[in-house]
S.K.: 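A single structure is presented below for examination.
Nothing fancy with the numbering, it's 1 onward along the sequence.
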Amino acid sequence: MSTAAAVLLIAFAVCLFSGVPIVFSLGLAAIAGLWAADFDLIVLAQRTISGTQVFTLLAIPGFVLAGDLMMHGGLSRRLVRLCQVLVQHVTGGLGMVTVLSATFFAAISGSAPATTAAIGGIMVPEMERHGWSRRFAAALSTAAGPIGQMIPPSIPMVIWGVVAEQSITKLFLAGIVPGILIAIGLMTVCWFAARAQGIPKATRRATARELLVALNDGKWALAAPLVILGGIYGGIFTPTEASAIGVAYAFVVGMFIYRELKVRDLPAILLQSMRTTTIVCSIIAVASAFGWLVAIEQLPTVIAEAILSVSSNPIVILMMINVLLLFIGAIMDNVAAMIILGGVLTSIGTSLGLDPIHLGAIVVINFAIGMATPPFGYSLFVGAAISRLSVEEVSKALWPMLLVKILVLALITYVPWVVLALPRLLG
């Protein structure tokens, strides 16, 4: 390893573990690395700007704004009501409503923190009112939120598609089955938890009339993913164009059909979306400069060779990759991690003969799990905030749900067709 590479990594580690925000940690480490490598510091500005000059990244502000408009326009509340009608009679039904609602909303927002905030804000008080512990309800909302990073449209899938130069549409398809499997696993946890906590189930099934009323009220919310994803998979528009269609759809439905979105609300919604987009895109920009220096110093090759030298067994290597990504996802922003580690992971994937779409699904799902993992998962912070509990309290109730996710991760890692079936079927 060169001196510049060592300086780069040490500076980044020192900044990160000193509590410096991730975007500044990346920038300061890049400056130190460029200085040690005797590069002109103007390279930092050049690479930071060029890192954002990718057309596909325009999908990020579009999906963020679409999700915020749908959350404030009444779509999330109607999805919750429809899910409640479907499973209210099942043991643990209200917990299952949280998971199902998050899964449906994931197909609208594409963001883990947004899904946790939208569904958890409704369901945590509702579950507590029906006898569930607030800690379990908050943990469930936290665990269900990252389904938004698996079920398309997924913002991390867009970013990985750019980093690894892979089809975003195929990556979207690769996330559907794992997302559904995790949803089923979380609902199973709800069933056992309801029995353990003595939560009574509803005495009757919803009537056909109640189901029809809920379907009619929520039909526009249900149609949103059909419009967005149907257009992408039908070849009508690209993922970037789909984000703009999603914004238009959310605005029209919230403003003119449900009439819960008011003109006076728009400045605050736009500001919220711009803040989220700014955070994501700032990290992408600075991480691009950091990633460029990593590539110049040939760190991906060095790390890949080190990992491959441990064992020639693909099962062992994939296990090592998963452990590494789970650890990094728990302490670091996943956008920055994907950009920084992109070269390393694609090198290892090529050496193992992994399908690039399979590798992309493994990476994104690892980091999705990291969003709900202590100590620094973003969804964990959101879940703690909406429930007014400490991160430690929510974390204690999270472990059964994290175990379910890790089991699904192992399945998709070692049984590739679980994620590749849909891309190949529709490819």
S.K.: Minimum heavy-atom separation for Ala193 and Trp132, please, with both atom names.
M.R.: CB-CZ3, 4.2 Å
S.K.: Using the ring centroid of each side chain, check whether Phe367 and Trp160 are separated by less than 6.0 Å.
M.R.: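 No, ring centres 6.0 Å or more apart.
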S.K.: Taking all atoms of both residues into account, what is the closest heavy-atom pair of Leu389 and Arg135, and its distance?
M.R.: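 Looking at all heavy atoms of both residues, the closest pair is CD1-CA, 3.7 Å.
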S.K.: Taking the side chain as every heavy atom from C-beta outward, state whether Met255 and Val263 have any atom pair closer than 4.5 Å.
M.R.: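 Touching, per the 4.5 Å side-chain cut-off.
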S.K.: Return the CG to CH2 distance between Asp40 and Trp35, rounded to the nearest 0.5 Å.
M.R.: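 Here the interatomic distance stands at 15.0 Å.
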S.K.: What's the spacing between Asn322 CG and Leu409 CG if we round to 0.5 Å?
M.R.: 4.0 Å
S.K.: With a 4.5 Å heavy-atom cut-off, do Trp292 and Leu34 have their side chains touching?
M.R.: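 The answer is yes; the side chains approach within 4.5 Å.
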S.K.: Within a 6.0 Å radius of atom NZ on Lys219, are there more than 12 heavy atoms belonging to other residues, nucleotides or ligands?
M.R.: yes
S.K.: How long is the span from the CE atom in Met157 to the OG1 atom in Thr169, to the nearest 0.5 Å?
M.R.: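 That separation rounds to 12.0 Å.
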S.K.: How far apart are the C-alpha atoms of Leu325 and Leu345, what are their side-chain angles, what is the distance that settles it, and do they pass the side-chain contact (heavy atoms from CB on, under 4.5 Å) test?
M.R.: CA-CA 10 Å; Leu325 295 181; Leu345 296 171; 4.1 Å; yes
S.K.: Is it true that a side-chain atom of Ser243 and a backbone atom of Thr240 form a donor plus acceptor pair closer than 3.5 Å?
M.R.: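 At least one qualifying donor-acceptor pair exists.
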S.K.: Mark yes or no for whether Ser154, through its side chain, and Ile151, through its backbone, hold a donor-acceptor pair below 3.5 Å.
M.R.: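 Flag not set: sc Ser154 to bb Ile151 has no pair under 3.5 Å.
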S.K.: Kindly indicate, with the supporting measurements, whether the criterion salt bridge (Lys or Arg N to Asp or Glu O under 4.0 Å) is fulfilled by Asp355 and Arg424.
M.R.: CA-CA 11 Å; Asp355 185 293; Arg424 288 175 177 172; 3.7 Å; yes
S.K.: For Asn313, does the CG atom have more than 12 heavy-atom neighbours from other residues, nucleotides or ligands under 6.0 Å away?
M.R.: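 Correct, the count exceeds 12.
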S.K.: Does any non-hydrogen side-chain atom of Val419 lie less than 4.5 Å from one of Val177?
M.R.: no
S.K.: Does CD1 in Ile315 sit with more than 12 non-hydrogen atoms of other residues, nucleotides or ligands closer than 6.0 Å?
M.R.: no
S.K.: Test side-chain contact (heavy atoms from CB on, under 4.5 Å) on Met70 and Trp220; report intermediate values, then the result.
M.R.: CA-CA 11 Å; Met70 290 175 183; Trp220 293 103; over 6 Å; no
S.K.: Please confirm whether the backbone N or O of Pro146 pairs with a side-chain atom of Gln149, one donor and one acceptor, at under 3.5 Å?
M.R.: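 Checking the backbone N and O of Pro146 against the side chain of Gln149, no donor-acceptor pair under 3.5 Å is found.
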S.K.: Answer yes or no: does atom CZ of Phe24 have more than 12 heavy-atom neighbours from other residues, nucleotides or ligands under 6.0 Å?
M.R.: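 It does not: Phe24 CZ has 12 such atoms or fewer within range.
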S.K.: Test side-chain contact (heavy atoms from CB on, under 4.5 Å) on Met150 and Val364; report intermediate values, then the result.
M.R.: CA-CA 7 Å; Met150 304 171 206; Val364 171; 5.5 Å; no
S.K.: Side chains of Glu128 and Val124: does their closest heavy-atom pair fall under 4.5 Å?
M.R.: no
S.K.: Determine yes or no for a side-chain-to-main-chain donor-acceptor pair under 3.5 angstrom, with Thr277 supplying the side chain and Met274 the backbone.
M.R.: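 Side chain of Thr277 to backbone of Met274: no pair is present.
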S.K.: If you look at every heavy atom in Met187 and Met96, which pair is closest and at what distance?
M.R.: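 That would be O-CE, 3.5 Å.
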S.K.: Describe, in one word, how the ring planes of Phe256 and Phe251 are oriented to each other, choosing from parallel (under 30°), tilted (30 to 60°) and perpendicular (over 60°).
M.R.: perpendicular
S.K.: Within the side chain of His358, is there an N or O that forms a donor-acceptor pair under 3.5 Å with the backbone of Ile412?
M.R.: yes
S.K.: Within the distance-only criterion (no hydrogens, no angle test), does the side chain of Gln197 pair as donor or acceptor with the backbone N or O of Ser133 below 3.5 angstrom?
M.R.: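 Yes, because the side chain of Gln197 sits within donor-acceptor range (under 3.5 Å) of the backbone of Ser133.
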S.K.: Locate the shortest heavy-atom distance separating Gly95 from Met127; write the atom from each residue and the value.
M.R.: CA-CE, 3.8 Å
S.K.: Determine whether Thr346 and Pro356 make a side-chain contact, defined as any pair of heavy atoms from C-beta on separated by less than 4.5 Å.
M.R.: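 SC-SC contact between Thr346 and Pro356 ruled out.
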S.K.: Nearest 0.5 angstrom please: Arg134 CZ to Arg388 CZ, how far?
M.R.: 5.0 Å
S.K.: Nearest 0.5 angstrom please: Ser141 OG to Leu380 CG, how far?
M.R.: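 One finds 12.0 Å between OG of Ser141 and CG of Leu380.
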S.K.: Side chains of Ile147 and Leu186: closer than 4.5 Å at any heavy-atom pair?
M.R.: yes
S.K.: When you compare the side chain of Ile321 with that of Thr413, does any pair of heavy atoms fall below 4.5 Å?
M.R.: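 With C-beta onward as the side chain, the pair stays apart.
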S.K.: Measure the shortest side-chain to side-chain distance between Leu326 and Thr373 over non-hydrogen atoms and say whether it is less than 4.5 angstrom.
M.R.: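 Not touching, per the 4.5 Å side-chain cut-off.
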S.K.: If you round to the nearest 0.5 Å, how far is CG of Leu266 from NE2 of His72?
M.R.: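 The distance works out to 10.5 Å.
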S.K.: Taking all atoms of both residues into account, what is the closest heavy-atom pair of Val408 and Pro178, and its distance?
M.R.: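 Shortest heavy-atom separation between Val408 and Pro178 comes out as CG1-O, 4.1 Å.
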S.K.: CZ of Phe192: more than 12 outside heavy atoms within 6.0 angstrom?
M.R.: no
S.K.: Using the side-chain contact (heavy atoms from CB on, under 4.5 Å) rule, pick out the option among Ile159, Ile357, Val158, Val363 that qualifies with Leu171.
M.R.: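 Only match with Leu171 under side-chain contact (heavy atoms from CB on, under 4.5 Å): Ile357.
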S.K.: Between Gln272 and Arg275, does the side-chain contact (heavy atoms from CB on, under 4.5 Å) criterion hold? Intermediate values first, please.
M.R.: CA-CA 5 Å; Gln272 177 181 334; Arg275 283 173 175 162; 5.7 Å; no
S.K.: Main chain of Ala372, side chain of Thr142: is a donor-acceptor contact present, judged purely on distance under 3.5 Å?
M.R.: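 Here the side-chain-to-backbone pair does not exist.
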S.K.: Nearest heavy-atom pair of Met401 and Ala139: which atoms, and what distance?
M.R.: SD-O, 3.5 Å
